[in-house]
Novice: 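Here's a structure for you.
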Amino acid sequence: MNAFRLAGDMTHLISVLVLLLKIHTIKSCAGISLKTQELYALVFATRYLDIFTDFISLYNTVMKLIFLGSSFSIVWYMRRHKLVQRSYDKDHDTFRHQLLVLPCLILALLIHEQFTFKEVMWTFSIYLEAVAILPQLVLLQRTRNIDNLTGQYVFFLGAYRSLYILNWIYRYFTEPHYVHWITWISGLVQTLLYADFFYYYISSWKNNVKLTLPA
Amino acid sequence: LDKAKSHDEL
C-alpha cells in the first residue's frame, strides 16, 4: 500500500470519527445531513458484500467493519437518539434520495465490468459515493453558518478523495494492468463536487474567520 | 482479471 492510499484512508477515518465524536459528545448533529449519512450507509452496505467472501488483508477487513459500523451508528444516532434527533435540521435537509439512488442503480446496470449481483452492487456503490455528499453540500449552502466540526468533517472527506486520486496515479505507474475507469471517473466527479466547498473553507481559514457560504 | 485484487480499495 502506498502513502497516498494510507493517508487517504486515514483522512476518511478521521472524517467519520470527527462526526461521531461531535454527535456522541455534544449530542448534536446540527448542520449534518441525514440524507448523506443514509446514502453512505447504503454505499458501504452494497460495496462490502465481499467482506466475508474475499479476504484481502486484516487491515482491509477491519477498515470495512469500521466504516460499516460507524456509518450505521451515525444514522441510528440521528434517527433514534432523543437528544441528537432534536438538533437535526429536518426542514433544510430536503434533498430527495431517490434522485441519486435510482440514476446510480440504472447506471450500474448499464455500465459495469461484470454482470453479476456483487459486481453491479459494487459499481452502484462507486457511483453513489460520488454523489452522496450532495445533500450535505445543499444543507451547508442553505444554513450558511457552519460550525467547526461540520466544516472539518467535510474538509477531511474532501482530503480523502483528493488523496485517492494521487493513489490511483501512483498505482497506474507502478502496477501493471492497473486501469479502473469506473472508479477513476466517479472519483474525479466526487472530488470536483468538493472544489467549491474547499475554496470557501480554505479562504475562511486563511482569513481566520468563521466559515460561511454564499447564498 | 482478479476481482478481489481490483477491489482491494475501501
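Here is how names work: the chains are called A, B, and so on, in the same order as the sequence lines, proteins then strands, and each is numbered from 1.
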Novice: Relative to chain B, which segment of F67(A) carries a heavy atom at a distance below 4.5 Å: side chain, backbone, both, or neither?
Specialist: side chain
Novice: Going by residue number, which parts of residues 18-34 of chain A are within reach of chain B, meaning a heavy-atom gap below 4.5 Å?
Specialist: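 So no residue qualifies.
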Novice: Output all residues satisfying side chain to side chain contact (heavy atoms under 4.5 Å, CB included) with R80(A), sequence neighbours left out; order by chain, then residue number.
Specialist: W76(A)
Novice: Would you say Y170(A) has more than 12 foreign heavy atoms packed within less than 6.0 Å of its OH?
Specialist: no
Novice: Would you indicate whether the side-chain heavy atoms of E119(A) and H7(B) approach each other to under 4.5 Å?
Specialist: yes
Novice: Does Y59(A), at its OH atom, have more than 12 non-hydrogen atoms belonging to other residues, nucleotides or ligands within less than 6.0 Å?
Specialist: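 It does: Y59(A) OH has more than 12 such atoms within range.
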Novice: Quiz question: by atom type and distance under 3.5 Å, do the side chains of N60(A) and E9(B) form a donor-acceptor pair?
Specialist: no
Novice: L10(B) and side-chain contact (heavy atoms from CB on, under 4.5 Å): which single residue from R5(A), R47(A), H12(A) fits?
Specialist: R5(A)
